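Nothing here was measured: the structure is a model prediction, and the numbers come from that model.
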Amino acid sequence: MGEDSDEAPGQVFEHFYFSLQAATAGIGVAIGPWPLVCDDIDGGILAAPFGFCADGSGYYLLAPGAFEQNSPQGYFQRWLHTLV
């Protein structure tokens, strides 16, 4: 986000999910992906004082060919498109 911070002692976690749990518990701050924190932000449990920035990541559905329109895979594909 282009913000500087002072080097300060802190904790290190094995996975960013644990840092998000620590932030939710009020232990400190954490950096996490929007899909994992949006519910806590909407609920007022967490705050994003600097907002979010796009990092270019995404999810993709790959298949060897087109799905049948009424197949479970076709329904799943159409559902995924509603999330965008």
Side-chain angles (χ1 to χ4, degrees):
M1 299 299 303
E3 299 292 326
D4 291 332
S5 67
D6 296 331
E7 293 278 337
Q11 295 179 332
V12 177
F13 298 94
E14 287 285 322
H15 194 275
F16 69 86
Y17 180 74
F18 298 131
S19 66
L20 295 177
Q21 285 189 318
T24 301
I27 295 173
V29 299
I31 297 174
W34 171 252
L36 293 184
V37 298
C38 62
D39 290 340
D40 288 335
I41 289 173
D42 289 343
I45 296 168
L46 293 175
F50 300 113
F52 287 85
C53 63
D55 65 359
S57 64
Y59 294 96
Y60 300 90
L61 177 61
L62 303 176
F67 296 129
E68 295 283 334
Q69 187 71 5
N70 292 323
S71 69
Q73 297 88 347
Y75 288 118
F76 180 65
Q77 181 182 27
R78 286 191 299 284
W79 174 76
L80 286 176
H81 281 283
T82 68
L83 301 177
V84 177

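- Nearest heavy-atom pair, Ala30 versus Leu20, reported as atom, atom and distance to 0.1 Å: CB-CD2, 4.0 Å.
- Of all heavy-atom pairs between Asn70 and Tyr75, the closest is O-CE1, 3.2 Å.
- Enclosure of atom CD1 in Ile31 is not indicated, since only 12 or fewer non-hydrogen atoms of other residues, nucleotides or ligands lie within 6.0 angstrom.
- Shortest non-hydrogen contact noted between Pro33 and Phe16 is CD-CE1, 3.5 Å.
- Across every non-hydrogen atom of Leu61 and Leu80, the tightest pair is CD2-CD1, 3.9 Å.
- Closest approach of Arg78 to Gln69, counting heavy atoms only: NH1-O, 2.8 Å.
- Within 6.0 Å of OH in Tyr17 there are 12 or fewer heavy atoms belonging to other residues, nucleotides or ligands.
- Of all non-hydrogen atoms in Gly32 and Phe52, the two that sit nearest each other are O-CE2, 3.7 Å.
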